[in-house]
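Beneath this line is the structure, given in structure tokens, with notes to follow.
Just so it is clear: chains get the letters A, B, ... in the order the sequence lines come, proteins before strands, and each one is counted from 1.
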Amino acid sequence: MTLGRIHLYSALKSSLNRNPGIKPTINLSILESRLQRCRNPREFLQIHAQMTITGFIKDTFAASRLLSFSTNSFFFDLDYSRWLLHQIENSNAFIWNTLMRAYMQRNSPQNCLHLYKLMLRSDSVPDNYTHPIVIQASAIRFSEFEGKQIHCHVSKFGFDSDIYVLNTLINMYSVCGNLRHARLVFDKSLILDSVSWNSILAAYVQAGDVEEAVQIFNQMPEQNTIAANSMIALYGKCNRVDDARMLFDGMDARDIVTWTAMISSYEQNGLFAEALKMFTQMNSYEILVDEVVMVTVLSACSQLEAVKEGEVIHGLIVKVGLDSYVNLQNALIHMYSSCGNINAARQLFELGDYLDQISWNSMISGYLKCGLVEEAKEFFDAMPQKDVISWSTMISGYAQHDQFSETLELFNEMQVRAIRPDETTLVSVISACARLYALEQGKWVHAYIRKNDFRINVFIGTTLIDMYMKCGYLETALEVFNEMEKRATSTWNAVILGLAMNGLVKESLEKFSEMERCGVVPNEITFVGVLGACRHAGLVDEGRRYFNSMQQIYKIIPNIKHYGCMVDLLGRAGLLNEAEELIESMPMSPDVATWGALLGACKKHGGTEIGERVGKKLIELEPQHDGFHVLLSNIYASKGRWDDVMELRGMMKQRRVIKTPGCSMIESNGVVHEFLAGDGSHPQIKEIDEMLDEMARRLKMEGYRPDTTDVAFDIEEEEKETTLYRHSEKLAIAFGLISTCPPIPIRIMKNLRICNDCHAVAKIISRTFQREIVVRDRQRFHHFKQGVCSCSDYW
DNA sequence: GTAGGGTTAG
């Protein structure tokens, strides 16, 4: 197009040259009036040709009018203006500035800077307007290197004391993160105006340095609205919403930015209702709303799932004509889908004129939020363009809906398509590995992270620790922890929970002390870990102490999980009455898990009276739950009350309660093998049987007697032993002995809790076969080594 | 020509 116009220009010029007789005159006032009427490139080119022929183009001011027009006209692109600039013989700084500014307006700082270089090589000398433009260009490119070079030019050309130049320099250094230089320019500057103060304040605000920002703000000769607005926003970001509000209340001139900053402060601190209240208040002052405040308020509605308020705001957006902002469209899509109204979101999406990648991605996440995983996948597959976030949204969506195999599959597909995942994607993938116990996959992702230079940030690190802990890889988990530069509370939590889960109770509680010493504030989850640690080791007194200090020192109100831990801790220690009293004292209604803990304790400690009561209650509450029937039946069985056992089994049959079969998994050469109790379906069952016989022989030599107390069937002792003998974990151990070699531990995952007998057997096997055995049951880990278990037989 | 508010996708 540009070339076409230039050809057109040449044609016009030569035609005018061929008719020297009709050489029209042109002067400044004619030029102005003709430019004013100029509506298309042809007219413009005629003017240009005329100016060239008449030599009027040599008039620098006239030439600048021409160029300026071209940069503002919609029918020329800047390549043309640039060509035009090179046609001008007597150009000056104003002309160069005009084009450089035009490049900035069109978001092209690189062209702006390139032009500056050309300018330096030309006859034109930069003026006081030139440097602010190019400094801004390097700021937009976050290029401190370029900015510094221009800073040198500023000195060279003697603009050291131009306040515009200095203020732009402060801004550039602050944007590039060089606070020190920003401050240096500020301090050296002899004239400071409100923009200088606002700029240096902005530097500290951007860096999140509240203390320094407050100091600057207080030193300011006059605290203007712009500065106060930034301070409100900064307070909000630093969780100092009260300070923000105080400043807000003290202001006498508030504009839309002030209100937005305050509303967003509330929002960032989770005070969504307060944010909405502020918005209502703002409207009563008849302040004109804009798209920024609307986006903020819609986000509050999403968080509150306040669809009614969201609809009102939607109406307002349409009424004031802001509905063509794509950001607002997206915020609306998000709001509706967060509130569960996927149809409204879908409608907006389908009717939307201005959609972008975020709109598409928001729809995927909308479907996922509404639990429509398949629809999300269909939408994902149909997308014209997928970016990392599309992939990551879908991948984490699968993970959040417990579809872990799909998570890994989609991640693999991403690899096949050679799309580089980002940290967030990896977090979902690692957590899926943890949930699937897919240790090999998880290790692969860890290696992948290292190989591809991903930063192990807090999230990735914490997830890796969690995965390794859940897979029983303590050392690697701790290695990751030690290598991390930054640790959040959740990171400490992962270690505390993980160590406890793996039976290292002492170490777990030590980590908690270390956390306190490091000044990291524990949260609810930390205490779930700490109390869980106490529970695993039966540390009743410590447990009570932590339970109290959690409330008194850290002001954490115990939740149902904390109560559950305490009930379990007390119950397992045989303090059945105290456990039951604690349940009675709970402010919230106890859940099934809490009663279940008590029931388990009753089974362990023969608390038949409480057990029967609790068991019956639980069965009433959850008639389909197999575990409670089994526990109660075990309680009856241990007392030889076979009639009650039979009755219960009849009831189970009648209610079609299916007892979850014990299932153990073991990974060998990257393949996961599954064994059910009494399972004879494995292709290597013959060898497994032989190994089981060998195991039995050695066990006998060790003087082992089968522990049949967990077998709740009214059958002969010998038969009980046979049932025990084929428990899924024993099959898996036998297979592990055949298929893996020392010193690699035999790693087994079990869906239920390990029974007394298998526990005893695993201990002996670990000694007589000189093999480490790691069993992860649904509660915790058991590391068997040299005849001892990490749980110290307390579980 | 320089300075302020933001979220919407994981």
Side-chain angles (χ1 to χ4, degrees), chain A residues 94 97-98 100-101 104-105 127-136 139 159 162-172 174-175 193-203 205-206 220 224-234 236-237 244 254-265 267-268 290-303 325-338 345 356-366 368-369 386-400 421-428 459:
Chain A
F94 184 93
N97 295 345
T98 304
M100 286 194 283
R101 201 174 297 129
M104 289 301 287
Q105 275 158 3
D127 66 4
N128 55 334
Y129 285 82
T130 309
H131 291 112
I133 302 171
V134 284
I135 293 167
Q136 185 71 352
F159 295 113
D162 183 298
I163 192 150
Y164 280 109
V165 172
L166 292 171
N167 290 346
T168 328
L169 278 172
I170 295 171
N171 176 52
M172 183 274 295
S174 118
V175 165
D193 65 1
S194 71
V195 179
S196 324
W197 283 96
N198 288 348
S199 299
I200 193 69
L201 177 67
V205 168
Q206 204 168 22
M220 288 179 82
N224 53 60
T225 312
I226 291 180
N229 291 347
S230 329
M231 285 306 297
I232 293 175
L234 179 62
K237 283 193 186 89
R254 305 186 194 105
D255 59 13
I256 180 74
V257 178
T258 320
W259 284 93
T260 313
M262 197 56 233
I263 290 170
S264 138
S265 290
E267 172 155 11
Q268 284 173 358
D290 69 0
E291 78 284 2
V292 177
V293 73
M294 290 308 216
V295 166
T296 315
V297 170
L298 276 177
S299 160
C301 293
S302 308
Q303 300 270 11
Y325 280 93
V326 65
N327 285 353
L328 270 182
Q329 290 273 4
N330 294 340
L332 282 168
I333 289 174
H334 177 249
M335 184 274 293
Y336 281 119
S337 58
S338 294
D356 62 5
Q357 188 65 34
I358 296 181
S359 323
W360 286 84
N361 292 345
S362 300
M363 282 306 295
I364 308 179
S365 104
L368 289 167
K369 274 207 187 93
K386 300 181 185 69
D387 64 3
V388 197
I389 295 182
S390 327
W391 285 90
S392 152
T393 306
M394 198 57 229
I395 286 174
S396 74
Y398 273 139
Q400 272 156 20
D422 64 7
E423 278 87 355
T424 318
T425 321
L426 294 170
V427 168
S428 304
F459 300 106

Quiz prompt | Touch class at under 4.0 angstrom, heavy-atom based, for A:N224 against every strand present | solution = nothing
Exercise. Would you indicate what A:I133 reaches in the nucleic acid, counting non-hydrogen atoms under 4.0 angstrom: base, sugar-phosphate, or nothing?
Key: nothing
Quiz prompt | Check against side chain to side chain contact (heavy atoms under 4.5 Å, CB included), A:V134 and A:M100 | solution = CA-CA 8 Å; A:V134 284; A:M100 286 194 283; 3.8 Å; yes
Practice problem: Determine the contact category for A:N327: base if any of its heavy atoms lies under 4.0 Å from a base atom, sugar-phosphate if only primed atoms, P, OP1 or OP2 are that close, otherwise nothing. | Solution: base
Practice problem: Identify whether any heavy atom of A:S428 sits under 4.0 Å from a base atom; if not, whether one sits that close to sugar-phosphate; answer base, sugar-phosphate or nothing. | Solution: nothing
Self-check item: Side chains of A:N171 and A:S174, donor plus acceptor under 3.5 Å
Solution: no
Quiz item: How would you label the contact of A:D422 with the nucleic acid (heavy atoms, under 4.0 Å): base, sugar-phosphate, or nothing?
Solution: base
Self-check item: Sugar-phosphate, base or nothing in reach of A:N97, heavy atoms under 4.0 Å
Solution: nothing
Self-check item: Flag side-chain contact, heavy atom, 4.5 Å: A:N128 against A:V165
Solution: no
Quiz item: When all nucleic acid strands are considered with a 4.0 Å heavy-atom cut-off, which category describes A:I256: base, sugar-phosphate, or nothing?
Solution: base
Quiz item: So, for A:V175 and A:A139, which heavy atoms are closest and what is the spacing to 0.1 Å?
Solution: CG1-O, 3.4 Å
Quiz item: A:K386 near the nucleic acid: base, sugar-phosphate alone, or nothing, with a heavy-atom cut-off under 4.0 Å?
Solution: nothing
Quiz item: Looking only at atom types and distance, does a side-chain atom of A:D127 sit under 3.5 Å from a main-chain N or O of A:T130, one as donor and one as acceptor?
Solution: yes
Quiz item: Heavy atoms under 4.0 Å, any strand shown: does A:S362 hit a base, just sugar-phosphate, or nothing?
Solution: sugar-phosphate
Quiz item: In chain order, what residues pass the side-chain hydrogen bond (donor to acceptor under 3.5 Å, both in side chains) check against A:S359, with sequence neighbours excluded?
Solution: A:N330, A:D356
Quiz item: NA contact type, A:Q268, heavy-atom cut-off 4.0 Å: base, sugar-phosphate, or nothing?
Solution: sugar-phosphate
Quiz item: Contact class for A:T225 (heavy atom, under 4.0 Å): base, sugar-phosphate, or nothing?
Solution: base
Quiz item: Which is the 5'-most and which the 3'-most nucleotide of DNA chain B that has an atom under 4.0 Å from a heavy atom of chain A?
Solution: B:dG1 to B:dG10
Quiz item: Got A:S299 and A:T296 here, is their nearest side-chain heavy-atom distance under 4.5 Å?
Solution: no
